[in-house]
Structure formats: structure tokens, C-alpha cells
Q: 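Dumping the structure here so I can ask a few things about it.
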Amino acid sequence: MRKSSRSRAYAPRSTPSPSTASPLTTLDLDIAGRNSSIVAESANVCSNSTIPQAISGQKSRDAMKMKVADDIVENGRNFGDDLSQIIGEVRQRFQDVPPLEEDEADLKPSKAKNYDSDAETQQEPKQKKQKKRARKDTSKTGFDERFACNRGGTKEQIEDKSNPNAFIISVFRKMLDYYTQINDHWRRLAYTRAITTLASITDRRISSAHEARELPNFGESLSTKLEEIVSTHNLKRLQYAMTDPISQVKMLFLGIYGVGPSTAERWIAQGHRTLDDLLQGVTLTFSQKIGIEHYGDLNSRIPRDEVTKMADYVKAEAAKIDSKVELIVGGSYRRGATTSGDIDFIITKEGTTSNQQLSTFLITLVRNLGKQGFLTAELAAHSSSKDHDGSKWHGCCVLPRIPGFNDNGGYKPVWRRIDLLLVPETEYGAALIYFTGNDIFNRSLRLLASKQHMRLNQRGLYKDTTPSNDRLKGAEGELIEGRDERKIFKTLGVVWREPHERWC
DNA sequence: ATTCAGCCTTA
DNA sequence: TAAGGC
DNA sequence: GAAT
Ligand SMILES: O=c1ccn([C@H]2C[C@H](O)[C@@H](COP(=O)(O)OP(=O)(O)OP(=O)(O)O)O2)c(=O)[nH]1
Ligand SMILES: [Mg+2]
């Protein structure tokens, strides 16, 4: 059932020929890439934390250089020089590297380890000071500022200049970046929240652990770190994180589309340290193969004007199939980003009430775009393999040569990730919220909904069947609204925010 | 000890 | 089901 | 990592 079920339908898995990186012309596709976003985490909290293009949670980032197999050439050039050096270092120092201390895992909370994962945090078991700060009474206003969705934020204000604790924030952000890359889910959440707290303080400087401890979202560990930052102007943990060879390798592996914390750590445990090692020593999934093959492309950002070109291309093709179908570019593009990690399309049509009514269109669109060489790989697509109503299509694409636009100094295909989301008109509003994000905004909004005994997902806002009662997705709950974006905000008591104000 | 959003696809 | 991703 |  593995390979067989997968292959049928429209497009075979792609046949990316490493050396021949020019998808166009080849009929049918070779699909590849897609993005891998590690995006930020955290529910409430946010204000002006996470960064759009600067950090953008993407796996990219400077440290993301990589070394690819010699036979794999990206854009005609073999890249990986400096990375090679880093890797080389890793190789050597590898032998006497401590067993990667704790775990940093964000896996299952199952085998919870009690001991602090931070060596430096080892403090005496000082009795917890009662920190039962009175929580904000939100019952009256119905407006809980602890939720990021209620604070909003624009990509501009992310660079909060004059904040008395700006330096502390900057260091915490680096820690956040680190945990984002290393994919430590919950620490990311914790740091995001702490940063939000600090960012909201505009009238004073926090300079001691004691002082910090009184703040929301600041526990023992973060308070201690804050003091260390203020007093020593440095943070050992960060210093270590940035230089630890194993962490670097983990980040390298996490940059591969289709590789998460579990796989990355397993490979490291098995002794792998470079992408070469992986190509030769492990069994890769289809996505991972493409992830490695197009490591550079897929970890690079897409300029806004290029996203626009891609959108035009796809829309034009869609119009030939069914002019009534509407395509909206969501994601960071809709939020006004100057660069995006991928391109996200919402596909809808007036009068539709189910994905099935759109699946035929999708299949045709994908087939046509594949024939043209625009789509180059299929990474996930329920729609094409099953006869039911698949709701999404994830793959890769390459913008063809456009004279005067991307052929300066010669055209070279660049693989980009593309996501298509099928949306019946009845779910348009909820889907728009979902696909516009950002992710933190969404989570905040959903958390807020749940606290009001409602459930928000990409299809709609539902009235739940009691908090404890259900929990089993069997109980759908009653649909409150799915069509209108604004109504959903309103029902939740959240002030309307334009897409560009949803950077959390 | 649990929760931190909620859902879809792949292997 | 575990893992990865949106 | 923090709150409950
Ligand atoms: O964990 C996630 C990831 C994404 N999304 C939503 C919000 C996001 O805006 C949209 C598209 O996902 P994508 O990964 O493309 O993020 P983006 O906001 O478009 O940023 P990028 O520029 O990296 O593509 O899906 C979530 O709800 N949860
Ligand atoms: Mg996107």
C-alpha cells in the first residue's frame, strides 16, 4: 500500500534529475520542494515579537548554509563552501562533544524528565515564591490582552526601537530563534510569551531576576537569564547554543523539507553529520529527497514581486479552466510581506458547499500546470490519490523565464513551494483567517475561542459541546459561522484586524 | 501532571 | 500510529 | 519554559 497508493492518479512522483535542474519543458512534472516552515509558535502573547521576513521562522536563516552532495548542483553552482568548513569542524570536534546534554525535545510529554535541561539553570531548589499575581479580570471586558490576537501587530512595529528593555529582548529573540530552528516547540512558546511581556513594558527597565519574577510569563529560569543578561551583558546558554556543533548539524538537518526534530536527532545519533552522509546512509522519503536536492532554493525567501508573478501565472491558467473559480493568495503575501517563504492559494468558487465540487478543477489545474513544467513536484495531495474530497495540494513550482524579470544574467530555475487550499464558499471566511495567519495569530485566536467554549478551525467557528464532555472529534458542535471573516472576529469579541496587522 | 490550536497527509 | 507540515 |  505504500508506494502503490501513492503513485496513481495524476502525477507520478516526480523525477527530479539532480544535474538537470530545468523542469520546464519536461512534460509532466517532477515535483519537488515545498517549504518547510518552522514558523513561530506560541499562542497568546506576541505583540511585537516574531519577525516576518527577518526571522520568519523559516528554516532558512544565515546559519543555514549547507553542503550538498558533489553531484547535486544548485542553480548550476555547487554551493556549500563555508558550510563545508563548518561541517568539517563538526567532524573533527565531534569526537569529544558531550552527549548533547539533555534533550531539548518537544516530542511527547510522555517521558517527562524533571531535571532542568539547562545546565546553568541549576539553582538551589529555592522555594517557589508565591507568584499568584491576580490574573486579569477579563470577564467584564471580554477583551483579554493576554491573547496575541487582541493585540495585533504589524511587521513594522516588530522593530521596536525605543524600548527600555530592548537589549534584553534582542537576546531573548536570539534564544527564540535558536529554539525555533531547533524545533523546541514549547520553549519557543515560552520565549515568545516572555518577549511579549517585555515588549509591553514601556515605562521602566527590568534589571533583576526578582523584578522579572513578578512579570507574567517569567518563571525562575527566564528571570535568572534576564538578570544574567543585564549584569553580564551576555548569556551563556545562548553562547553555547550558537556554537555547539551538534546544534548546528541539527539545524542543518531540520532545514530539509520533511525532516523534523525526531528524524534529525535520530540521524545525528546514528552518526550522520552532513547532507552527504544522509544521501548515502539513510532511507529518505520522497519529500526529503527533494528537500535535500533543492535545499538552497527551498530555504530561500521569495521576493514579493516574484510571488505576484507566480500568482498571475497560476490565475491565468485557472481562468482557462473555469473563469468562475477564484484564487486568492493568502499567507504572508496577504499580510503584506516583502518576501515570502512560499505561495499560498485559496481556491474557491461561488455557490460551492464542499471540496468535492472543486476537486475536479484542482486536478485539472494541477495537471495542466504540471504539463507546462510550472509544477515540478507533488509533496502532498490527497486530492489526486483519493477519490474523495481532498482539501489541499502541496508541491513545488518553478516560475518560467520572463524576459526582463528573471533573466538578468541568465535565467535559472528556482524551486519554490506552493500550497493550494480548496475552500467551499461556505467556509471561505474561516479558511481565509486560517490561511492568512500568521500561525501565532491563529493559535491565539483558537485558544481564545476554546476558552469561550467554542472551536475555531479552517472550516468555521463552532459552538462546542461542553468543555470536558466532548474532546472526541466526533462531536462536531454546532456551526456558528464559516463564511464571513469579520463575523468570526466579532463573535469571538476580537477587534477586526486587517491582514497586515496580524503579525504576532 | 497537564496544557500550550486544530487539522491534514505520508509512511 | 508517529512524524511532519500548514 | 510557564501557568494552572
Ligand atoms: O502551524 C501553522 C502554520 C501555518 N498556519 C497558517 C497560517 C499561515 O499564514 C498559513 C500559511 O502557512 P505558511 O507556512 O505558508 O506561513 P506564512 O504565514 O505564509 O509564512 P511564509 O512567508 O513563511 O510562507 O497557514 C497555521 O495555522 N499553523
Ligand atoms: Mg506562506
Side-chain angles (χ1 to χ4, degrees), chain A residues 1-3 5-6 13 34-39 41-45 57 59 104 106-110 112 114 116-118 121 128 131-133 135 146 149 172 175-176 179 183-194 197 213 215-225 254 256-266 283-288 291 330-331 341-342 344 355 378-386 389-394 417 419-422 430-431 434-451 455-460 462 473:
Chain A
M1 52 140 110
R2 326 196 154 282
K3 49 192 323 177
S5 67
R6 170 82 234 54
R13 238 17 162 81
R34 223 249 111 236
N35 138 32
S36 59
S37 56
I38 288 183
V39 203
E41 289 303 339
S42 151
N44 21 355
V45 184
K59 295 187 178 180
E104 303 272 355
D106 94 305
L107 307 174
K108 296 293 182 183
S110 51
N114 276 333
D116 273 338
S117 53
D118 283 337
T121 301
K128 282 200 121 128
K131 102 180 261 181
K132 43 193 64 177
R133 18 164 170 287
R135 18 223 241 73
R146 289 176 304 172
C149 55
F172 271 45
M175 287 296 289
L176 173 60
Y179 285 124
N183 225 316
D184 188 325
H185 210 69
W186 306 122
R187 282 190 178 83
R188 284 159 72 189
L189 180 58
Y191 274 91
T192 301
R193 288 174 168 171
T197 296
R213 195 64 183 73
L215 270 38
N217 304 310
F218 269 84
E220 289 299 324
S221 182
L222 290 182
S223 297
T224 301
K225 285 186 173 63
L254 287 173
I256 301 169
Y257 183 88
V259 174
S262 181
T263 304
E265 288 186 4
R266 189 176 72 247
T283 301
L284 301 167
T285 65
F286 176 76
S287 290
Q288 291 164 349
D342 66 2
D344 307 290
N355 288 330
E378 177 182 277
L379 299 175
H382 172 117
S383 62
S384 61
S385 59
K386 295 225 173 180
D389 48 278
S391 59
K392 58 174 62 168
W393 191 93
H394 293 170
R417 298 164 289 147
D419 294 352
L420 309 178
L421 183 67
L422 250 38
Y434 162 66
F435 230 37
T436 297
N438 64 8
D439 58 333
I440 294 176
F441 179 85
N442 289 350
R443 292 167 61 178
S444 176
L445 206 58
R446 291 175 181 205
L447 182 61
L448 182 58
S450 73
K451 299 215 166 175
R455 177 166 51 96
L456 176 65
N457 61 26
Q458 55 270 57
R459 291 196 271 275
Y462 301 81
K473 59 183 170 191

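Letters A, B, ... are given to chains in the order of the sequence lines, protein chains preceding strands, and every chain is numbered from 1.
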Q: Please tell me if A/Thr263 has a side-chain N or O lying less than 4.0 Å from either OP1 or OP2 of C/dG4.
A: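 Yes, such a contact exists.
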Q: Without decimals, in angstroms, what is the distance between A/Asp344 CG and C/dG5 P?
A: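 Value for this atom pair: 15 Å.
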Q: Students often get this wrong, so: under 4.0 angstrom with heavy atoms, is A/Leu445 touching a base, only sugar-phosphate, or nothing?
A: nothing
Q: Can you find a heavy atom in the side chain of A/Leu456 that is under 4.5 Å from one in the side chain of A/Tyr434?
A: no
Q: Looking at every strand, decide which applies to A/Phe435 at a 4.0 Å heavy-atom threshold: base, sugar-phosphate, or nothing.
A: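 The answer is sugar-phosphate, as A/Phe435 gets under 4.0 Å only of primed atoms, P, OP1 or OP2.
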Q: How close or far is atom C1' of D/dT4 from atom CG of A/Leu447, stated in whole angstroms?
A: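 Rounded to the whole Å, the gap is 13 Å.
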Q: Side-chain N or O of A/Arg459 versus OP1/OP2 of B/dC8: is the shortest distance under 4.0 Å?
A: yes
Q: To the nearest Å, give me how far apart CG (A/Leu422) and C1' (B/dT9) are.
A: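 My rounded result for the distance is 15 Å.
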Q: Taking only N and O in the side chain of A/Ser262, is any of them less than 4.0 Å away from OP1 or OP2 of C/dA3?
A: yes
Q: Counting only side-chain N and O atoms of A/Tyr434, is one of them less than 4.0 Å from OP1 or OP2 of B/dC7?
A: no
Q: Using whole Å, what does the distance between atom C1' of nucleotide C/dG5 and atom CG of A/Asp342 come to?
A: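 From A/Asp342 CG to C/dG5 C1': 11 Å.
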Q: If I take atom CG in residue A/Asn457 and atom P in nucleotide B/dC8, what distance separates them, rounded to the nearest angstrom?
A: 8 Å
Q: When the distance from OH of A/Tyr191 to P of D/dA3 is rounded to whole Å, what number comes out?
A: 13 Å
Q: Which nucleotide in the list B/dA11, D/dA2, B/dG6 gets nearest to the side chain of A/Arg455?
A: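 The nucleotide sitting nearest to the side chain is B/dG6.
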Q: Only counting residues at least two apart or in another chain, list the ones meeting side-chain contact (heavy atoms from CB on, under 4.5 Å) with A/Ala430.
A: A/Ile488
Q: Can you tell me if the side-chain N/O atoms of A/Arg446 get under 4.0 Å from OP1 or OP2 in B/dA5?
A: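 Result: no.
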Q: Whole-Å distance between B/dG6 C1' and A/Leu448 CG?
A: 15 Å
Q: Distance check: side-chain N/O of A/Arg187 vs OP1/OP2 of D/dA2, anything under 4.0 Å?
A: no
Q: CG of A/Leu284 versus C1' of B/dA11: gap in Å, rounded?
A: 13 Å
Q: Taking C-beta and beyond as the side chain, do A/Thr192 and A/Leu176 meet within less than 4.5 Å on heavy atoms?
A: yes
Q: Counting only side-chain N and O atoms of A/Asn442, is one of them less than 4.0 Å from OP1 or OP2 of B/dA5?
A: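 Checking B/dA5 against A/Asn442, no side-chain N or O comes under 4.0 Å of OP1 or OP2.
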Q: Is there a donor-acceptor contact under 3.5 Å from the side chain of A/Thr224 to the main chain of A/Glu220?
A: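 Side chain of A/Thr224 to backbone of A/Glu220: a pair is present.
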Q: With sequence neighbours left out, what residues match A/Gln288 under side chain to side chain donor-acceptor pair (under 3.5 Å)?
A: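 A/Gln288: side chain to side chain donor-acceptor pair (under 3.5 Å) contacts with A/Thr285.
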Q: A/Lys392 has a side chain; which of B/dT10, D/dG1, C/dG5 sits nearest to it?
A: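 Looking only at side-chain atoms, A/Lys392 lies closest to C/dG5.
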Q: How far does the P atom of D/dA3 sit from the matching atom of B/dA5, given to the nearest Å?
A: 16 Å
